[in-house]
There are 2 protein chains.
Amino acid sequence: MRKTDRLATIRDVAALAGVSVGTASKALNGRGTLRAETRERVREAADRLGFEANAAARTLKAGRTYTVGMITTDSIGRFSIPLMLGAEDALGAGQMSVLLCDARDDPIREQYYLRTLLTRRVDGIIVTGRRAQARAPLAPDLPVPVVYAFISSTDPGDCSVIPDEAGGAAKAVEHLQAIGRRRIAHVTGPEHHESAIGRAAAVADSLVRPPLYGEWSEAWGRQAAALLLADGTDFDAVFAGSDQIARGVVDTLRGAGRRVPEDVAVIGFDNWDVMVSASQPPLSSVDMDLDGLGRSAANLLLAAINGEPAPGRHVRPCRLVLRGSTSI
Amino acid sequence: MRKTDRLATIRDVAALAGVSVGTASKALNGRGTLRAETRERVREAADRLGFEANAAARTLKAGRTYTVGMITTDSIGRFSIPLMLGAEDALGAGQMSVLLCDARDDPIREQYYLRTLLTRRVDGIIVTGRRAQARAPLAPDLPVPVVYAFISSTDPGDCSVIPDEAGGAAKAVEHLQAIGRRRIAHVTGPEHHESAIGRAAAVADSLVRPPLYGEWSEAWGRQAAALLLADGTDFDAVFAGSDQIARGVVDTLRGAGRRVPEDVAVIGFDNWDVMVSASQPPLSSVDMDLDGLGRSAANLLLAAINGEPAPGRHVRPCRLVLRGSTSI
DNA sequence: TTGAAAGCGCTAACAG
DNA sequence: CTGTTAGCGCTTTCAA
């Protein structure tokens, strides 16, 4: 970068190169037909001045900002981040920048950000959130394409990309069965939480007893495991609704002398590195591929921006990652 | 938001209201002297058309974008997030938007993003990263103000906001001493890691034995605790370099029959909610106030944008959060 | 092969 | 009190 104080304009470049601004523009953008020597001279001048074309001016002319807005409805957290990174990655490859908006569960903030994004004429908007759940559309009839990622829109005409949580849960239980477990317990989050419900429903038929609903915390995992031990449930596997729960379960089981995975195999959900690797033994877990979800969302958005919208709910598979808690 | 397909321009508004664009502009921005009735009529027209002023046009005129770039040098992670949120919060209050750039430890990416931000004529840039460490400046002589947050710039003339890690460490040890502990061990991260070194140096005089350096992981915490138990060190407190390490320490101590905090008091570092609350007992920990750091950085950037730069390293205090692992 | 000029949407200075 | 006009920086016809 050069040491200018005011950023150079194309007029400065043109002047320094001794050409008109039109010529300078062509030279810098490889348009039109210019003498190679002229082109070179302009490039050099631009270099010397540390010239960077003013995006606002370009936008004004082109009607495109090459910017998308990313709104996280609830605060940015563990789930939104990989999503955002995936999206940012895919968008960056297409030279798009990302405007970050953290609405923090506040509808007022959300609408404020929406207006900001509209004012800035973003080419599109990605909406994401902390939990995989349907939410009301951002606003009716927006003049730019919108893609919902992780969360989905209640309007089926909107474009949403969501993980196949039920499928992931099924995979977990199928694996437990494949390693010979038949008495599977399920410990998961709150009964009013869509993810907890959906995953539980997907595995209900294979459970040795009704799911235990509680919080998404290690403490609940410990509590639930104690409960299972206390009430005499005969179980040889636990499918946990989150890695935190799984870890609590594992700790308590081992504390009570049950071997993991020999006596009880355990599978978590989220594949959260910190949890799965700190657990003893390391946790097998269901990975929702948030990164891929974000990338998908970004690509769907890019397609929509280019006039090829793909409305509807796009469901992406989860994958099972196996570690010590299910393999001996 | 209205159902237009192309966003309305001020000319549409003016036409609908039956006034000139100049008048419309004044009406919408509360400038000049207009009849109240006219003002109202224009406002209504704007409303009906769902008009949002084009930011690019404004930018072109005003020379300001009301946008700042946020570059995370290493990938966005646990430390950058609260920072970013704090900054975004402070900036949002000033109507500034944030362009997110994740450079992922890749200098090429970083320079690419820098150019993007310059092209977009951001009013300023915040640079942040995963670890509190000095780094080379983004580039020499940038035409916009830059503030480094959490990480700092090796150029003392740059503006950096960093946590007082040494102070935080001192606080931790002072508290341990205040509750009567005299034989304090220190288990921390890699010996080549600035944070580990700085914190260890700050407490060296109060330690019962040289610090144990290892990884920033629970596994290392467990290992180190086992080591302390095995080599016969007589200790009644452990100051851990991270909450993860602390948690590993606690688990192993309890497993070996030492009571926490009765026999050994433990303090962690980072005050990472997931860790401190899942630990049994909950962990006392040093909080670097990343959120406040981000807010500070944003405010320093805003000041610099307004022509009042505050170069140099700004050190912000850590605070000790007390929980069960140090109080009986 | 190059230059001149119009115009993207908006604001502000100046006329009327 | 309102309208006209110039100009922010750039790209893109259209002429020369």
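Proteins come first, then strands; the chains are lettered A, B, ... in the order of their sequence lines, and each starts at number 1.
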What integer distance in Å separates [X]:[atom1] from [N]:[atom2]?
X       : N      : atom1 : atom2 : answer
A/Asn54 : C/dG9  : CG    : P     : 16 Å
B/Arg64 : C/dC10 : CZ    : C1'   : 17 Å
A/Lys61 : C/dC8  : NZ    : C1'   : 6 Å
B/Leu60 : C/dT11 : CG    : P     : 12 Å
B/Lys26 : C/dC14 : NZ    : P     : 13 Å
B/Glu52 : C/dG9  : CD    : C1'   : 14 Å
B/Ile10 : C/dT11 : CD1   : P     : 5 Å
B/Leu28 : C/dA12 : CG    : P     : 13 Å

Check: Just by distance, do the side chain of B/Asp12 and the backbone of B/Thr9 share a donor-acceptor pair under 3.5 Å?
Finding: yes
Show the atom names and distances, to 0.1 Å, of all donor-acceptor pairs under 3.5 Å that link a side chain in residues 122-129 of chain B to residues at least two apart or in another chain.
residue	atom	partner	partner atom	Å
B/Asp123	OD1	B/Thr65	N	3.1
B/Asp123	OD1	B/Thr65	OG1	3.3
B/Asp123	OD2	B/Arg64	NE	3.3
B/Asp123	OD2	B/Arg64	NH2	3.4
B/Asp123	OD2	B/Tyr66	N	2.7
B/Thr128	OG1	B/Ala149	O	3.2

Notebook entry, point to check: Checking side-chain contact (heavy atoms from CB on, under 4.5 Å) against B/Phe79, which of B/Leu290, B/Asp74, B/Ile151 comes through?
Noted result: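 Answer to the side-chain contact (heavy atoms from CB on, under 4.5 Å) test with B/Phe79 among B/Leu290, B/Asp74, B/Ile151: B/Leu290.
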Next item on the list: For DNA chain C, find the residues of residues 29-38 of chain B with a heavy-atom distance under 4.0 Å and give them by number; none if there aren't any.
Entry: B/Asn29, B/Arg31
Note to self: Below the 4.0 Å mark, does C/dT11 have OP1 or OP2 next to a side-chain nitrogen or oxygen of B/Arg58?
What the structure shows: yes
Note to self: Does C/dT2 have its OP1 or OP2 closer than 4.0 Å to a side-chain nitrogen or oxygen of A/Thr23?
What the structure shows: no
Check: Rounded to the nearest 0.5 Å, how far does CZ of B/Arg31 lie from CG of B/Leu28?
Finding: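 If we round to the nearest 0.5 Å, B/Leu28:CG and B/Arg31:CZ are 11.5 Å apart.
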Margin query: Starting the side chain at C-beta, find the nucleotide from C/dC10, C/dT2, C/dC8 nearest to B/Ala57.
Written below: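 Within the option list, the nearest is C/dC10.
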Next item on the list: For the pair A/Arg135 and A/Asp158, evaluate salt bridge (Lys or Arg N to Asp or Glu O under 4.0 Å) and give the outcome as yes or no after the intermediate values.
Entry: CA-CA 11 Å; A/Arg135 52 151 288 159; A/Asp158 286 338; over 6 Å; no
Notebook entry, point to check: So does B/Arg78 have more than 12 non-hydrogen atoms from other groups sitting under 6.0 Å from CZ?
Noted result: yes
Margin query: Need to verify one output field. Residue with the more 5' nearest nucleotide on DNA chain C, B/Ala56 or B/Gly22?
Written below: B/Ala56
Next item on the list: Give B/Ser25 one of three labels, base, sugar-phosphate or nothing, depending on what nucleic acid heavy atoms sit under 4.0 Å from its own.
Entry: base
Margin query: Go through it in stages, so that I can follow the logic: the residues are A/Arg48 and A/Glu44, the test is salt bridge (Lys or Arg N to Asp or Glu O under 4.0 Å), and I'd like the CA-CA distance, side-chain angles, deciding distance and then a yes or no.
Written below: CA-CA 6 Å; A/Arg48 258 236 301 275; A/Glu44 257 167 34; 5.9 Å; no
Next item on the list: Would you kindly say whether A/Arg121 and A/Thr59 are connected by a side-chain donor-acceptor distance under 3.5 Å?
Entry: no
Notebook entry, point to check: DNA chain D: B/Val21 or B/Arg121, which has the more 5' nearest nucleotide?
Noted result: B/Val21
Check: Along DNA chain D, 5' to 3', what are the outermost nucleotides having an atom less than 4.0 Å from a heavy atom of chain B?
Finding: D/dC1 to D/dG9
